[in-house]
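Per chain, numbering begins at 1; letters A, B, ... match sequence-line order.
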Number of protein chains: 2
Amino acid sequence: MSTSVVEREDSGSGALTGQVIAAVTAHIHANHLAPGDQLPSETALAAQLGVSRTVVREAFGSMAALRLIDVGTGRRARVSAIDRSVLALVLDHAVHTDQISVQQILDVRRTIELRTAALAALRRDAADAARITALAVAMREDFADAQRVMEHDIAFHETIARTSKNPMFALIVGSFHVVTRQTWPVGWNSRANDAERWHMIEGHEAIAAAVATGDPRAAGSAMAAHFDYSVKALVAAGIT
Amino acid sequence: MSTSVVEREDSGSGALTGQVIAAVTAHIHANHLAPGDQLPSETALAAQLGVSRTVVREAFGSMAALRLIDVGTGRRARVSAIDRSVLALVLDHAVHTDQISVQQILDVRRTIELRTAALAALRRDAADAARITALAVAMREDFADAQRVMEHDIAFHETIARTSKNPMFALIVGSFHVVTRQTWPVGWNSRANDAERWHMIEGHEAIAAAVATGDPRAAGSAMAAHFDYSVKALVAAGIT
DNA sequence: TCCCTCAACCTGTCACACAGGTTTGTTCTT
DNA sequence: AAGAACAAACCTGTGTGACAGGTTGAGGGA
């Protein structure tokens with residue numbers, strides 16, 4: 001375990017804690033650890049680095065919050081797979097503290113999701129396409145239950161992002177769900193009538209069809225139309 | 001201070017710690033706290049929630065790691081402004097643990113930065129445009145010092161993202177710098193000769209000119225050309 | 001070979017203590 | 001009246017020791 005300091009982003013904690021974070025990070029990199037690989041125990045690491053267990057716990061806790069590692073009672077920390085929750089928390093916080101607006105997030109979503117739809121059309125296999133289509137079908141079938149339509153809608157976008165086969169797109173799209181859960185009902189309820197709600201579902205069906213066909217241009221266009229329609233509804237509902 | 005549990009993303013910590021995180025988050029939301037606003041002290045919060053100071057420290061530590069709050073010796077925690085370091089850490093970790101490739105990041109960058117360039121052209125004021133142009137000029141002037149060219153290059157892209165006036169774009173683009181610092185020298189060194197390096201700098205100048213002119217279409221095209229050229233160089237250098 | 005038990009290991013939480021930093025209020029000087 | 005200096009109160013970062021409860025792996029028995 002190297003204690004050399006690797007210059008990197010500051011973690012926002014104390015000096016010793018920061019040093020332990022750097023040391024653990026260096027250890028992960030130097031040993032090419034992958035998700036699931038174990039780290040030394042808190043006690044061993046404290047002895048090794050000449051700090052108290054408290055400091056190691058602080059460091060591990062910070063790294064766990066960032067989902068760089070995975071901690072749990074009774075077992076040693078392990079390197080973690082990236083997940084959407086970090087960015088989701090950051091976005092939720094940013095919206096609640098008026099640092100980012102919902103419309104700004106939608107602009108980012110539109111930018112990214114036109115690309116993920118096109119990539120999904122290019123890179124999908126038959127199972128991917130079936131999964132995306134099934135979600136559009138589920139939206140139609142669960143029309144009477146807005147909560148379920150919303151869950152299908154969120155899963156639809158995330159599945160397309162996953163089908164882009166670019167985990168960073170999946171990560172970013174996956175982070176929208178917390179904010180989406182707060183705004184989606186407003187958009188749904190703001191529709192003047194059921195015909196408009198059906199129109200939104202038809203937009204999803206068009207995206208799914210383009211992905212299934214393997215047509216990236218059509219997929220991107222369908223996604224653009226969907227976003228433009230949805231943004232208009234949210235603006236009309238007063239979400240800025 | 002409400003102790004009600006707000007359903008949200010799990011923080012990766014213990015049960016009590018998670019509850020304190022939820023309580024603090026609820027407090028921030030319920031009181032419409034903005035960046036800079038103070039939170040209760042660790043000791044007061046521990047008494048209020050009926051847990052030990054250790055647990056509050058764990059919760060605050062996690063929230064600080066996520067840059068939701070800002071902690072420091074001798075003073076109470078405050079609500080924090082969002083910053084790029086969280087996503088930067090996540091990306092760096094993802095690359096080092098082979099969860100995201102550099103090429104995948106570049107695809108995301110291209111998608112986003114074509115949009116930020118176009119928005120910057122639409123939304124820039126004279127000072128913005130001057131700032132962007134100055135960075136392109138600095139790249140040319142510091143040509144003999146690769147390290148400085150790289151810093152100007154990174155600042156160039158971040159300034160454009162900021163000029164998009166969408167903080168989420170700025171956040172995402174700002175997160176690339178750690179990984180970029182690791183790959184940029186490879187790309188620069190992989191160029192066959194100085195003529196190719198000048199060509200890259202001319203690409204930046206073209207973007208700056210389009211932004212200054214206020215032409216979003218030209219800005220997007222120039223940014224696309226820049227990325228396509230840079231991606232080719234990194235691929236040729238073996239970065240996948 | 002599979003299942004159960006148990007010992008060793010491990011983390012989450014608690015209480016207490018101390019070093020060093022920040023904030024606030026009061027007093028003094030200009 | 002405004003600014004500077006000082007001290008007390010408040011506050012966080014780190015350390016120590018303890019205990020409750022969970023995980024893991026080895027050994028033994030069916």
[N] [atom2] sits how many Å from [X] [atom1], rounded?
{"X": "A/Met63", "N": "C/dT11", "atom1": "CE", "atom2": "C1'", "result": "17 Å"}
{"X": "B/Phe60", "N": "D/dT14", "atom1": "CZ", "atom2": "C1'", "result": "18 Å"}
{"X": "A/Arg57", "N": "D/dT12", "atom1": "CZ", "atom2": "P", "result": "19 Å"}
{"X": "B/Gln38", "N": "C/dT24", "atom1": "CD", "atom2": "C1'", "result": "12 Å"}
{"X": "B/Glu42", "N": "D/dT14", "atom1": "CD", "atom2": "C1'", "result": "12 Å"}
{"X": "B/Asp70", "N": "D/dC11", "atom1": "CG", "atom2": "C1'", "result": "14 Å"}
{"X": "B/Arg76", "N": "D/dG13", "atom1": "CZ", "atom2": "C1'", "result": "18 Å"}
{"X": "B/Ile21", "N": "C/dT13", "atom1": "CD1", "atom2": "P", "result": "10 Å"}

Side chain of [X] - closest among [options]:
{"X": "A/Ser41", "options": "C/dT11, D/dT14, C/dA15", "answer": "C/dT11"}
{"X": "B/Thr43", "options": "C/dC14, C/dT13, D/dT12", "answer": "D/dT12"}
{"X": "B/Ser52", "options": "C/dG12, D/dT16, C/dT13", "answer": "C/dT13"}
{"X": "A/Val55", "options": "C/dC10, C/dA15, D/dG15", "answer": "D/dG15"}

Practice task
Mind checking the CG-CE spacing from A/Leu114 to A/Met223? Nearest 0.5 Å is all I need.
Solution key: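 If I round to the nearest 0.5 Å, the distance is 7.5 Å.
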Handout entry: Distance in Å, A/Leu66 CG paired with A/Ile82 CD1, rounded so as to fall on 0.5 Å steps
Key =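 One gets 13.0 Å once the value is rounded to the nearest 0.5 Å.
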Problem - salt bridge (Lys or Arg N to Asp or Glu O under 4.0 Å) against A/Arg76, all qualifying residues, sequence neighbours excluded - result: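 Result, salt bridge (Lys or Arg N to Asp or Glu O under 4.0 Å) vs A/Arg76: none returned.
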Practice task
Give B/Thr54 one of three labels, base, sugar-phosphate or nothing, depending on what nucleic acid heavy atoms sit under 4.0 Å from its own.
Solution key: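 Base, at least one base heavy atom under 4.0 Å.
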Practice task
For the helix from C/dT1-D/dA30 to C/dT30-D/dA1, figure out the bend between the end axes, five pairs an end, and round to 10 degrees.
Solution key: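 Roughly 30° between the end axes, to the nearest 10°.
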I'd like to know if the side chain of [X] reaches the main chain of [Y], judged simply by a donor and an acceptor atom lying under 3.5 Å from each other, with no hydrogens or angles considered.
{"X": "A/Asp125", "Y": "A/Ala127", "answer": "yes"}
{"X": "B/Glu158", "Y": "B/Ala170", "answer": "no"}
{"X": "B/Arg131", "Y": "B/Thr159", "answer": "no"}

Pairs: protein N or O with nucleotides 5-8 of chain C N or O, under 3.5 Å:
none

Exercise for the section: Run the salt-bridge test on B/Arg123 and B/Asp128 with the 4.0 Å N-O cut-off and return the result as yes or no. Expected result: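 Result for this pair is no, no salt bridge flagged.
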Practice task
I would like to know whether A/His177 and A/Arg181 meet side chain to side chain donor-acceptor pair (under 3.5 Å); could you show each step before the answer?
Solution key: CA-CA 6 Å; A/His177 76 103; A/Arg181 281 202 174 85; 2.5 Å; yes
Practice task
Can you run down the salt bridge (charged side-chain N to carboxylate O under 4.0 Å, His left out) pairs that involve residues 31-52 of chain A, sequence neighbours left out, and say none if there aren't any?
Solution key: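 As it turns out, the salt bridge (charged side-chain N to carboxylate O under 4.0 Å, His left out) pairs with a partner in residues 31-52 of chain A, which skip direct neighbours, are A/Glu42-A/Arg53, A/Glu42-A/Arg57.
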Practice task
Would you please classify the geometry between the B/Phe227 ring and the B/His157 ring as parallel, tilted or perpendicular, with 30° and 60° separating the classes?
Solution key: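 B/His157 and B/Phe227: perpendicular rings.
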Practice task
Kindly indicate whether the side chain of B/Gln103, heavy atoms from C-beta on, has any atom under 4.5 Å from the side chain of B/Leu234.
Solution key: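 A side-chain contact exists here, since the closest heavy-atom pair is under 4.5 Å.
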Sub-3.5 Å pairs of nitrogen or oxygen atoms, protein against nucleotides 18-23 of chain D:
from	atom 1	to	atom 2	distance (Å)
D/dG22	N2	A/Gly74	O	3.0
D/dT23	O4'	A/Gly74	O	3.2

Handout entry: Non-neighbouring partners of B/Trp184 that pass ring-ring contact (aromatic ring centres under 6.0 Å, His included), sequence neighbours left out
Key =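 ring-ring contact (aromatic ring centres under 6.0 Å, His included) check on B/Trp184 returns B/Trp188.
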